There are 2 protein chains.
Amino acid sequence: MTSRGVRHDSMRARNLAVVLAAIHRSGPHTRAALAERTGLTKTTVSSLVADLLEAGAVTEGGAVRGGERGRPGVAVRLSGRRVAALGLEVNIDYLAACVVDLTRTVRLRRTVRADNRNSDPALVLTGLRDLVKETVAQAEAEGLRIAGGALAVPGTVEDGVLRNAPHLGWRDVRVADLVELPFAVDNEANLAALGELWFGCRDADFLYVSGEIGIGAGLVVAGEVFRGTFGLAGELGHVVVAGDGPACRCGGRGCLEVYAGQDALLGALPSVSELVDRLKAGDRQAMETCERAGRALGVALTSAVHLLDPGRIVLGGIYEPLFPWVAGPVAEVLEARLAPMRGAPPSVVVSRIGGDAAVLGAAGLVIQQVIAEPGRMLGL
Amino acid sequence: MTSRGVRHDSMRARNLAVVLAAIHRSGPHTRAALAERTGLTKTTVSSLVADLLEAGAVTEGGAVRGGERGRPGVAVRLSGRRVAALGLEVNIDYLAACVVDLTRTVRLRRTVRADNRNSDPALVLTGLRDLVKETVAQAEAEGLRIAGGALAVPGTVEDGVLRNAPHLGWRDVRVADLVELPFAVDNEANLAALGELWFGCRDADFLYVSGEIGIGAGLVVAGEVFRGTFGLAGELGHVVVAGDGPACRCGGRGCLEVYAGQDALLGALPSVSELVDRLKAGDRQAMETCERAGRALGVALTSAVHLLDPGRIVLGGIYEPLFPWVAGPVAEVLEARLAPMRGAPPSVVVSRIGGDAAVLGAAGLVIQQVIAEPGRMLGL
DNA sequence: TGCTATTAGTCCATAATCTGTACATAATCC
DNA sequence: GGATTATGTACAGATTATGGACTAATAGCA
């Protein structure tokens with residue numbers, strides 16, 4: 001737990017990361033601009049950039065912005081040619097994979113339908129492994145080198161072990177050693193939040209609300225996902241809306257999920273798209289259901305804002321198609337409850353990437369790691 | 001916002017911090033043990049320790065633990081002789097100051113009664129400045145050198161500016177330049193949490209609940225205070241317990257504060273000690289009030305656990321004297337609502353330092369800074 | 001067109017810091 | 001008392017960043 005001292009090699013590694021992060025954060029820069037931003041000398045930056053060029057993480061050339069007088073600089077930008085990340089997702093009715101390059105361009109995207117409810121983990125993971133093999137082969141055929149992978153799962157994760165995924169019916173499944181690559185596993189909502197950070201709103205501070213059968217949330221503060229002590233933070237679905245409300249499957253009463261989970265929203269309807277159809281047709285009962293769910297979500301988010309202090313609120317999952325009918329009540333409740341004490345409540349916006357958030361976020365996590373530790377991830 | 005590159009001097013500064021942190025984290029160590037823990041060589045550690053010795057941050061000698069065979073090492077331990085931190089607090093009815101040395105020993109402690117409700121900030125700050133002068137002079141007379149100070153205030157703080165302290169009646173007061181020292185200002189609940197971290201339970205992961213007129217909370221994860229996006233996280237008092245409960249002064253309904261704030265607990269009683277007396281005497285009504293408050297607190301904490309995932313829960317402020325009557329209902333509610341899904345809920349314990357938490361925490365913040373940046377704080 | 005000012009990027013000697021081996025020191029074990 | 005073992009220091013060597021000098025490339029201006 002004690003942090004390690006800085007040696008010459010870790011100093012170099014850190015400086016590589018600092019330069020790469022500066023390029024990533026604010027677009028292409030000349031070496032001179034990078035030197036100014038990082039506080040390193042031009043000489044040092046040149047040397048670091050040379051390493052990054054060789055690793056294929058950056059390219060030279062392209063628009064040289066700004067230069068008023070004097071010799072124009074050479075822009076150094078992230079390269080999409082070589083380094084790429086593998087994002088994976090196991091969910092209730094599908095497996096998904098994607099490959100994203102360092103410029104955040106989605107290069108490959110595959111989904112395999114499968115009924116994974118109460119499934120055998122070994123079987124599903126074999127299927128996933130096949131999907132990975134195909135995807136990686138295809139990516140390599142395009143000249144990409146996969147620097148690492150990450151997997152999103154609908155459940156709680158501790159140290160690479162899937163502790164509990166109620167809807168899959170999995171418990172204590174070891175998934176970290178799925179492939180021979182640097183590999184991470186994390187909760188769907190956390191990764192969906194990262195997806196929003198990398199491919200959606202790109203804001204550095206927000207709470208992503210993932211409406212599925214359960215309701216999860218991922219908080220991003222200063223570009224980092226907040227995970228809590230055991231990685232269990234963000235369980236919005238069981239935040240209490242009414243202390244003595246109806247019983248919830250979690251054992252509590254009056255949890256948000258009871259009012260605004262998928263089951264509560266759909267009632268007897270077969271699917272979310274059916275609900276949306278009815279809403280579009282102006283079905284009174286459907287609209288009241290959404291109104292009620294939205295208000296409950298507003299109450300739960302009031303508590304979440306007081307405790308987590310998010311910059312804004314992004315609604316995703318099933319709340320994305322339902323946004324037009326849910327967002328109003330949510331915002332009204334937040335305004336009424338938060339404005340007097342806090343001033344303007346966080347704005348409520350819709351997710352821009354919908355159902356792809358988690359897979360993309362998984363790839364985003366890997367890209368984040370590459371930028372944070374280029375030395376380790378790229379073998380420098 | 002871009003992080004700076006590592007230069008030779010910052011490498012040294014960082015390594016000083018790493019060594020000091022290792023000594024702080026797990027007690028006195030020999031140079032050899034420090035070398036092993038930090039991954040640095042014995043030579044480097046020797047050189048770093050020499051600097052720390054000269055700065056007065058550590059001393060040699062004392063028990064040499066462990067050594068089985070071979071030449072015994074010289075223990076290097078934190079020194080209480082020279083470096084010290086100044087903790088300050090402005091509260092509704094007092095000003096407080098303390099001086100704590102690097103070994104966490106409280107060397108000085110002063111409290112000045114004063115009615116600061118709806119007071120003139122300038123006047124109160126003048127009084128505080130006098131208190132600082134006296135305290136610093138006294139500390140220096142004991143040979144201590146104050147490395148920095150921190151101030152706890154009952155309100156929200158942004159960038160050294162006190163934004164809003166409803167009970168003091170202050171708004172947008174600039175307090176950061178109170179003294180000519182490295183100086184920080186923060187919210188009372190956050191600093192009380194740090195106090196608990198440094199002088200109380202010393203756990204690295206917990207949620208400190210600060211019961212006062214309002215109810216605040218400070219979350220510590222891995223030894224760091226979580227502040228949220230704007231530093232407003234941890235407003236436990238306005239977490240919703242019952243969506244359509246009674247109105248709260250914040251504009252919401254059914255907030256925790258309505259059920260378990262000081263006003264709700266005391267009712268017509270003049271003081272907390274009066275309430276405690278009645279509870280000790282077995283007063284039925286008082287006990288029911290506490291029972292009800294405890295259950296409400298349990299419900300709010302259920303939401304907090306789902307969202308923040310704390311390691312344990314520490315009850316402080318007025319909940320400290322009331323702990324015997326409040327803790328039971330809190331724990332019961334948590335158990336009932338959390339156990340089925342999460343397993344054992346976080347344990348609920350009483351604060352060990354009571355009303356001193358915030359001042360001590362302010363000093364703790366400074367010590368934390370000294371250990372994190374000995375170069376800057378000690379002028380190395 | 002050519003000169004000057006200005007900015008970008010590289011070269012190379014120098015400085016700062018950590019590493020690694022060798023060694024003196026100081027205990028325990030038998 | 002000698003062997004063993006571990007601590008802490010000394011010194012040469014390795015790694016990395018620095019800083020000033022130098023080359024390169026462009027715009028402005030005469």
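Just so it is clear: chains get the letters A, B, ... in the order the sequence lines come, proteins before strands, and each one is counted from 1. All figures in this text were calculated on a predicted structure; none of them were measured in a lab.
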message: Counting only side-chain nitrogens and oxygens, does Arg12(B) get under 4.0 Å of the OP1 or OP2 atom of dA16(C)?
response: no
Length of the line joining Glu36(B):CD and dT7(D):P, which is rounded to integer Å: 9 Å
message: Counting primed atoms plus P, OP1 and OP2 as sugar-phosphate and everything else as base, spell out the protein contacts along nucleotides 8-15 of chain D at 4.0 Å heavy-atom distance: B, S or - for each nucleotide, 5' to 3'.
response: BBBB--BB
task: Find the distance Leu40(A):CG to dA16(C):P and express it as a whole number of Å.
output: 17 Å
task: For Gly70(A) and for Arg7(A), locate the closest nucleotide of DNA chain C by heavy-atom distance; then report the residue assigned to the nucleotide nearer the 5' terminus.
output: Gly70(A)
- prompt: Between dT16(D) atom P and Leu380(A) atom CG, what is the distance in whole Å?
  reply: 12 Å
side-chain hydrogen bond (donor to acceptor under 3.5 Å, both in side chains) involving Thr41(B) - partner list, sequence neighbours excluded: Thr44(B)
message: Test of understanding: with side chain to side chain contact (heavy atoms under 4.5 Å, CB included), list the residues that count as partners of Arg227(A), not counting sequence neighbours.
response: Asp186(A), Asn190(A), Val225(A)
query: When rounded to the nearest 0.5 angstrom, what is the spacing between CH2 in Trp198(B) and CD1 in Ile353(B)?
result: 13.0 Å
- prompt: Do Leu16(B) and Leu380(B) have side-chain heavy atoms sitting under 4.5 Å apart?
  reply: yes
message: Between Arg312(B) and Asp205(B) (salt bridge meaning N to carboxylate O under 4.0 Å), is one present in this structure?
response: no
task: Round to the nearest Å and state the distance from Arg14(A) atom CZ to dC18(C) atom P.
output: 17 Å
message: Does dC18(C) have its OP1 or OP2 closer than 4.0 Å to a side-chain nitrogen or oxygen of Asn15(B)?
response: yes
message: Tell me whether the side-chain N/O atoms of Thr41(B) come closer than 4.0 Å to OP1 or OP2 in dT19(C).
response: yes
- prompt: With Phe183(B), which of Leu88(B), Val132(B), Asp177(B) fulfils side chain to side chain contact (heavy atoms under 4.5 Å, CB included)?
  reply: Leu88(B)
